[in-house]
Visitor: 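Take this structure, written in C-alpha cells, and hold onto it; I'll ask about it next.
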Amino acid sequence: MRPRSLRVFDLHPSPSDFEAEVVAGLSKARKELPCKYFYDAEGAHLFEAICATDEYYLTRTELAIFREHLPRIAELVGPRAVVIEPGSGSGIKTRLLLEALRSPAAYVLVDLSRAQLLATAAETAGTFPDLEVLPVCADYTQPFPLPEPTSTSGRRVLFYPGSTIGNFDRTEAEAFLHRMGERLGPGAAIVLGVDLKKDPAVLHAAYNDAAGVTARFNKNLLVRIAHTLNADIPLDAFAHYAFYEPREGRIEMHLVSLSDQTLRVAGRDFVFARGESIWTESSYKYTRAEVRAIAGRAGFTTLAELTDAEEKFLVTVLGVPE
Ligand code: AVJ
C-alpha cells in the first residue's frame, strides 16, 4: 500500500519550551516538573508497561467498558463524526472507537511529540483508508488549531480517555472542559474517561506496582532531563514516592532526593536537601456525582454514564446543548 501523505498542522513546540519549563519548575520553593514531559519514546514505552501491570487497573477496566458499550456510544455520536483526540497515546482505544462509529469523517490528533504523532497518524491512515487523518503537533493545554475536514461531516467528538483529565486540578479540569465545549460548538460531544474514587489501598497499589515500572516511569523524567539538558543526575539519589491524598482526592507522585545534593541543569545549580521532593504528577480521582457537577458547570449535559460492575472507572458521554 502506498502511504498517504499527511499534512501536519505544526505549532512547533520546541526544546527550549522544555528547558524553560524545567528550569522554572526546579526554581520554585516547592520543586515541580510538568507531567506532560513524561512521554518521550522511553516514557511512552514505560507507560504502556504500566498499563500492563496487575496493579494498574485503569486501562484494562476502561477498555472493558468500551468493548461493552461502544454500540451505545456510536449511536449517541452518530454518522460522519470528526473525532478529536488531545494527547493521542498508543491508539488502541481510538481504533476501537473508530471501528465502532458509522463512517467517521475525520480524525484530528493532537500531540506534543512529533514522532509519536506521525507514527499514530500514519498507522491510523493505513487502517482506515476512508478517514481524513489530520495531525496537529501542539501542546493541547495551550490554544491549538482545529483543522476542518474537507468532506461533509457530522458531530465533533472530543475523545479524552484514560483519566488523562486527572492530571488537571479540579479547577483546571472544569476550565478545560468549558474551553473545549466553546471551541467545539453546539451539538458536539465529549467521550471522557475518568478514574473513580475508591479504596485508597487499591489506588496506592496502582501507582506503586511491585515490579517498579511506575518508579522507572517517574525517574525517566530525570533521565530525559539528563540527556536533553546536559545534566548529570545520579538516578539512585532519588526515590519514587506516590501516595493517595484523600482530602484532595488525588494521587501525588514525587521524586524525593535521598541526599543533600546540587544538580547542575541547563547551566544552573539546583540545591536539594535530603528528603526534599520534586512533585512530578497529580492524578485526581472523582465520584460520579463530581464528574456530573463539573460537566454541568462547564456547560455540558450528561448523555451517558458507563461504568464497570465494581464502579472502578467511568466513561461519560457529554454533549454541548444545541
Ligand atoms: C496517563 C495521566 C492517566 O495519571 O494514571 C500512570 C499516568 N502516572 N502511572 C495516570 C500515570 C503514573 C496516568 N495518566
Visitor: Does a side-chain heavy-atom distance below 4.5 Å link I278 with L222?
Guide: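 The answer is yes; the side chains approach within 4.5 Å.
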Visitor: Going by heavy atoms in the side chains, are I73 and L97 under 4.5 Å from each other?
Guide: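 A side-chain contact exists here, since the closest heavy-atom pair is under 4.5 Å.
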Visitor: Give a yes or no on whether a salt bridge exists between D232 and R264, defined as a side-chain N under 4.0 angstrom from a carboxylate O.
Guide: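 Between R264 and D232 there is no salt bridge, as every charged N stays at least 4.0 Å from the carboxylate O atoms.
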Visitor: Examine distances only and state if a side-chain atom of T316 and a backbone atom of A304 form a donor-acceptor pair shorter than 3.5 Å.
Guide: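 Judged by distance alone, yes, a pair lies under 3.5 Å.
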Visitor: Please confirm whether the ring centroid of Y207 lies under 6.0 Å from the ring centroid of Y244.
Guide: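 That pair fails the under 6.0 Å test.
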Visitor: Can you tell me if D308 uses its side chain to pair, donor with acceptor, with the backbone of E62 under 3.5 Å?
Guide: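 No; judged by distance alone, with no hydrogens or angles, the pair does not exist.
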Visitor: Counting only heavy atoms not in R114, do more than 12 fall under 6.0 Å of its CZ?
Guide: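 Yes - once you tally the heavy atoms of other residues, nucleotides and ligands closer than 6.0 Å, there are more than 12.
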Visitor: Within the 4.5 Å heavy-atom criterion, are P147 and V108 side-chain neighbours or not?
Guide: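 Yes. Closest side-chain heavy atoms under 4.5 Å.
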Visitor: Taking the side chain as C-beta and beyond, is there a heavy-atom pair between F66 and K93 under 4.5 Å?
Guide: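 Touching, per the 4.5 Å side-chain cut-off.
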Visitor: Is it true that, when you exclude N230 itself, more than 12 heavy atoms of the residues, nucleotides or ligands shown sit nearer than 6.0 Å to its CG?
Guide: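 Atom CG in N230 is not packed in, count stays at 12 or less.
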Visitor: Using a strict cut-off of less than 4.0 Å between a Lys/Arg side-chain nitrogen and an Asp/Glu carboxylate oxygen, indicate whether E19 and R268 qualify as a salt bridge.
Guide: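 Between R268 and E19 there is no salt bridge, as every charged N stays at least 4.0 Å from the carboxylate O atoms.
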Visitor: To the nearest 0.5 Å, how far apart are CD in E99 and CG in L101?
Guide: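 It comes to 10.0 Å.
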Visitor: Just jot down the side chain to side chain donor-acceptor pair (under 3.5 Å) partners of K198, sequence neighbours excluded, or say none.
Guide: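 Testing K198 for side chain to side chain donor-acceptor pair (under 3.5 Å), a comparison that skips the adjacent residues, returns Y57, D195.
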Visitor: Of the non-hydrogen atoms in E55 and A210, which two are nearest, and what is the gap between them?
Guide: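 Nearest heavy atoms, E55 then A210: OE2-N, 2.9 Å.
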Visitor: Backbone N or O of E276 within a donor-acceptor pair of the S257 side chain at under 3.5 Å?
Guide: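 Not at all, since once roles are kept as given, no pair shorter than 3.5 Å links the two residues.
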Visitor: Would you confirm whether N167, through its side chain, and S282, through its main-chain N or O, come within 3.5 Å as a donor-acceptor pair?
Guide: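 Pair found, side chain donor or acceptor close to backbone of S282.
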Visitor: So do the side chains of F300 and I294 get within less than 4.5 Å of each other, counting heavy atoms only?
Guide: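 No; the side chains remain at least 4.5 Å from each other.
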Visitor: If you measure from CD1 on I225 to CG on L263, what distance do you get to the nearest 0.5 Å?
Guide: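 So the CD1 of I225 and the CG of L263 are separated by 9.0 Å.
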Visitor: Mind checking the CG-CG spacing from L255 to L33? Nearest 0.5 Å is all I need.
Guide: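 It is 7.5 Å, given to the nearest 0.5 Å.
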Visitor: For the pair R95 and E123, find out whether any cationic side-chain nitrogen is under 4.0 Å from an anionic carboxylate oxygen.
Guide: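 Between E123 and R95 there is a salt bridge, with a charged N closer than 4.0 Å to a carboxylate O.
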Visitor: Is the closest side-chain heavy-atom distance between R80 and S151 below 4.5 Å?
Guide: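 They are in contact (side-chain heavy atoms under 4.5 Å apart), so the answer is yes.
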Visitor: Report yes or no: is the cationic atom of R224 (NZ for Lys, CZ for Arg) under 6.0 Å from the centre of the six-membered ring of F18, at an angle within 45° of the ring normal?
Guide: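 Relative to the ring axis of F18, which defines the angle, R224 lies inside both limits.
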Visitor: Answer yes if the side chains of S113 and D111 hold a donor-acceptor pair under 3.5 Å, and no otherwise.
Guide: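 Short answer, no.
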Visitor: Of all heavy-atom pairs between C137 and D10, which one has the smallest distance, and what is that distance?
Guide: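 In terms of heavy atoms, the two residues are closest at CB-OD1, 3.4 Å.
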Visitor: For E245, does the CD atom sit with more than 12 other heavy atoms under 6.0 Å from it, leaving out its own atoms?
Guide: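 It does: E245 CD has more than 12 such atoms within range.
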Visitor: Atom CE of M180 and atom OH of Y140: how far apart are they, to the nearest 0.5 Å?
Guide: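 Answer for the CE-OH pair, M180 versus Y140, is 9.0 Å.
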Visitor: Think R250 forms a cation-pi with F243, using NZ or CZ under 6.0 Å from the six-ring centre and within 45 degrees of its axis?
Guide: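 No; the conditions do not both hold, so R250 does not lie above the ring face of F243.
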Visitor: Just checking, K31 and F270: is the charged tip under 6.0 Å from the six-membered ring centre and within 45° of the axis?
Guide: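 No, cation not above the ring by the 6.0 Å, 45° rule.
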Visitor: If you measure from NE2 on H69 to CD on E305, what distance do you get to the nearest 0.5 Å?
Guide: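 Between H69 NE2 and E305 CD, I get 11.5 Å after rounding to 0.5 Å.
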Visitor: Any sub-3.5 Å donor-acceptor pair from D260's side-chain atoms to A273's backbone N or O?
Guide: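 Checked: no pair found.
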Visitor: Could you tell me if the ring centre of F168 sits under 6.0 Å from that of Y284?
Guide: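 So the answer is no for these two rings.
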Visitor: So, F159 versus Y107, ring centres under 6.0 angstrom or not?
Guide: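 Ring centres of Y107 and F159 not closer than 6.0 Å.
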Visitor: Do H254 and E281 have side chains that approach each other closer than 4.5 Å (heavy atoms only, starting at C-beta)?
Guide: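 Contact flag for H254/E281 side chains = no.
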Visitor: Once rounded to the nearest 0.5 Å, what's the spacing between atom CD of E290 and atom CG of L314?
Guide: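 That separation rounds to 11.5 Å.
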Visitor: Pairs under 3.5 angstrom only: tabulate donor-acceptor contacts from the side chains of residues 42-54 to other protein residues two or more places apart or in another chain.
Guide:
from, atom 1, to, atom 2, distance (Å)
T53, OG1, I50, O, 2.7
T53, OG1, Y56, N, 3.2

Visitor: Can you confirm if the NZ or CZ of R288 lies within 45° of the ring axis of Y286 and under 6.0 Å from the centre of its six-membered ring?
Guide: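 Cation-pi check for R288 and Y286: fails.
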Visitor: Should N208 and H240 count as side-chain neighbours, where that means a heavy-atom distance under 4.5 Å?
Guide: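 Yes, side chains in contact.
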Visitor: Which donor-acceptor pairs under 3.5 Å do the side chains of residues 181-192 make with protein atoms, sequence neighbours left out?
Guide:
from, atom 1, to, atom 2, distance (Å)
R183, NH1, F144, O, 2.8
R183, NH2, F144, O, 3.1

Visitor: On a heavy-atom basis, which atom in R179 and which in T141 lie closest, and how many Å separate them?
Guide: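 The answer is NH2-O, 3.7 Å.
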